[in-house]
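Take a look at the structure below.
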Amino acid sequence: MSHINQSSVYEEQRKNQKACYLKHTEDALESPLISFLTKKGIDFVKDIAEGVIADGHNTSSLELIGQSEKATKNRNNAFAPVWRRTLMWIQFLKPQFKENMKEFTDWKVDVDVDGKILFATTFDKKVLVTKAIIEKHGEYAVGTSPLQPFITTNKDDLLKLLTKTTDAEAYEVNRDELKTKAEVETGKRNTAWAKPYNNLKDIGTYLVGLYPEDKKTVALWGYDVVDAVPAAKLRTVTLLPLIKKSLSGIQKGTVLTNIGLKDLVVCTGKKGTGTPQTVPPEGKLGLNKGASSIVVSNPASIGSAKFTVMIR
């Protein structure tokens with residue numbers, strides 16, 4: 001029997017609802033939904049109106065998400081040169097702390113038990129490390145910081161780097177606020193859409209039941225109708241001596257397992273014209289493309305053979 005392939009994408013769900021409502025109104029008094037809607041107490045006009053409200057929240061959410069992504073890009077652009085410089089500072093200090101890598105912890109740079117530097121991966125942690133290094137550098141008497149030679153040689157403007165870091169943090173706060181607002185709008189959208197969508201799914205189920213052998217008609221209502229695929233089952237087969245057996249509906253990617261005490265000979269194809277493959281006791285054979293049908297034989301003259309395979 002067919003079933004509805006429900007989309008998880010909101011826009012596709014709304015497209016489905018609009019198509020369904022259009023077909024219903026076009027059919028007018030001939031619509032097969034009239035009795036169903038009445039019995040279920042579904043107000044299709046109200047559902048469409050709720051969909052419009054949900055659209056408004058969805059549009060707001062998408063706009064906020066776009067603004068949040070822009071803030072993220074601005075944050076990254078502002079902080080990227082700062083972090084590149086921070087990594088250079090760490091690399092410069094590394095030879096100086098070679099004998100005691102734990103000195104890095106005073107600069108808020110993490111080090112594992114083997115003395116390997118654990119570089120920060122999140123924005124917040126990177127900012128913490130950058131600020132800590134600048135602060136630690138400032139604690140030294142003028143000209144005595146182990147980082148001073150690098151700063152002097154490369155003319156690092158620490159104030160400018162801190163300003164860029166502050167800018168990046170502001171973008172981060174803005175990004176989080178926008179993201180939260182987007183999530184609120186998505187929640188409002190889902191609340192407005194919940195009942196209309198459940199009704200839409202119920203209508204689809206009703207139509208599939210009404211037209212069990214006519215997927216094209218159900219599709220006219222905007223639904224994606226697919227044939228139900230039977231669940232694959234593990235089948236155990238026993239073969240008497242010198243017996244062959246043809247099997248079809250083999251699940252692609254399954255494994256044939258010899259659970260008996262005799263060798264098996266497996267050939268692909270309904271007539272077993274494929275290259276014979278011997279599967280010893282406890283052996284396995286993967287069945288992929290071209291092996292939807294197989295012929296399995298027990299070549300032994302004494303003793304039964306036994307195997308398992310997934311079949312739909």
Side-chain angles (χ1 to χ4, degrees), residues 1-20 23 32-33 36 197-312:
M1 183 176 178
S2 300
H3 70 277
I4 303 295
N5 180 29
Q6 302 288 356
S7 174
S8 60
V9 179
Y10 169 75
E11 288 80 4
E12 290 299 318
Q13 296 169 6
R14 275 284 283 147
K15 182 179 178 181
N16 180 187
Q17 187 201 41
K18 291 175 182 177
C20 185
K23 183 71 167 67
L33 293 184
F36 177 76
Y197 182 49
N198 281 330
N199 289 339
L200 184 66
K201 290 190 289 185
D202 287 344
I203 291 171
T205 300
Y206 172 76
L207 289 172
V208 168
L210 185 62
Y211 304 106
E213 298 180 348
D214 191 355
K215 293 189 297 181
K216 291 183 178 180
T217 294
V218 179
L220 292 176
W221 296 78
Y223 292 93
D224 180 17
V225 188
V226 295
D227 290 323
V229 179
K233 296 181 179 179
L234 183 65
R235 182 172 174 182
T236 301
V237 180
T238 299
L239 293 176
L240 296 175
L242 304 177
I243 293 296
K244 294 182 178 180
K245 187 172 184 62
S246 177
L247 297 169
S248 297
I250 305 297
Q251 178 174 289
K252 184 178 178 180
T254 190
V255 174
L256 181 150
T257 303
N258 187 341
I259 59 174
L261 301 176
K262 301 293 182 179
D263 285 349
L264 293 170
V265 176
V266 181
C267 298
T268 57
K270 291 183 178 181
K271 296 183 179 181
T273 55
T275 302
Q277 298 187 70
T278 299
V279 184
E282 298 185 5
K284 298 177 184 295
L285 175 66
L287 301 174
N288 299 303
K289 185 177 180 180
S292 59
S293 295
I294 59 175
V295 174
V296 185
S297 61
N298 174 9
S301 58
I302 299 176
S304 297
K306 197 173 184 179
F307 65 93
T308 60
V309 67
M310 294 293 287
I311 297 180
R312 290 193 177 279

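This is a predicted model, so every value here is computed, not measured. This chain uses plain numbering: 1 for the first residue, then up along the sequence.
- The minimum heavy-atom distance between V255 and K284, with the atom names listed, is CG1-CB, 3.6 Å.
- Within the structure, the side chain to side chain donor-acceptor pair (under 3.5 Å) test picks out no pair touching residues 297-310 (sequence neighbours left out).
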- Message: Is there a side-chain contact (heavy atoms from CB on, under 4.5 Å) between V237 and V296? Walk through the geometry before answering.
- Response: CA-CA 10 Å; V237 180; V296 185; over 6 Å; no
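- In this view, E12 satisfies the side chain to side chain donor-acceptor pair (under 3.5 Å) rule with no residue, not counting sequence neighbours.
- For residues 214-225, the set of pairs meeting the salt bridge (charged side-chain N to carboxylate O under 4.0 Å, His left out) definition, not counting sequence neighbours, comprises K215-D227.
- The one candidate from I4, V225, L33, T217 that meets the side chain to side chain contact (heavy atoms under 4.5 Å, CB included) condition with L207 is L33.
- Here the side chains of I250 and I311 are in contact, with some heavy-atom distance below 4.5 Å.
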- Check the pair L264, T278 against side-chain contact (heavy atoms from CB on, under 4.5 Å), reporting the backbone distance first and the verdict last. CA-CA 6 Å; L264 293 170; T278 299; over 6 Å; no
- List the steps and the verdict of side-chain contact (heavy atoms from CB on, under 4.5 Å) for L287 and K252. CA-CA 6 Å; L287 301 174; K252 184 178 178 180; over 6 Å; no
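- Between Y206 and P32, the closest heavy-atom pair is OH-O, 3.2 Å.
- Evaluation of the salt bridge (charged side-chain N to carboxylate O under 4.0 Å, His left out) test over residues 200-213, restricted to residues two or more places apart or in two chains, returns none.
- Residue Y223 comes nearest to C20 through the heavy atom pair OH-SG, 3.8 Å, listed as atom of the first residue, atom of the second, then distance.
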Using residues 269-277 as the side-chain source, report each donor-acceptor pair under 3.5 Å to any protein atom, sequence neighbours left out, with the distance given to one decimal.
none

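- Evaluation of the side chain to side chain donor-acceptor pair (under 3.5 Å) rule for Y211 yields no partner, not counting sequence neighbours.
- For N16, the side chain to side chain donor-acceptor pair (under 3.5 Å) criterion is met by no residue, not counting sequence neighbours.
- Taking the side-chain contact (heavy atoms from CB on, under 4.5 Å) definition, one finds that P280 meets it with D263, sequence neighbours left out.
- Not counting sequence neighbours, L261 has no partner by the side-chain contact (heavy atoms from CB on, under 4.5 Å) test.
- Scanning for side chain to side chain donor-acceptor pair (under 3.5 Å) contacts around S8 gives an empty result, with sequence neighbours left out.
- Annotation: side chain to side chain donor-acceptor pair (under 3.5 Å) contacts involving residues 285-295, sequence neighbours excluded, comprise S248-S293.
- The side chain to side chain donor-acceptor pair (under 3.5 Å) pairs that include a residue from residues 232-245 number zero, where partners must be two or more places apart or lie in different chains.
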- Message: Under the criterion side-chain contact (heavy atoms from CB on, under 4.5 Å), I'd like the reasoning laid out for V309 against L285: C-alpha separation, chi angles, the key distance, then a yes or no.
- Response: CA-CA 10 Å; V309 67; L285 175 66; over 6 Å; no
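- Scanning both residues, K262 and A300, for their nearest heavy atoms gives CD-CB, 4.0 Å.
- When all heavy atoms of N258 and P281 are compared, the closest pair comes out as ND2-N, 3.5 Å.
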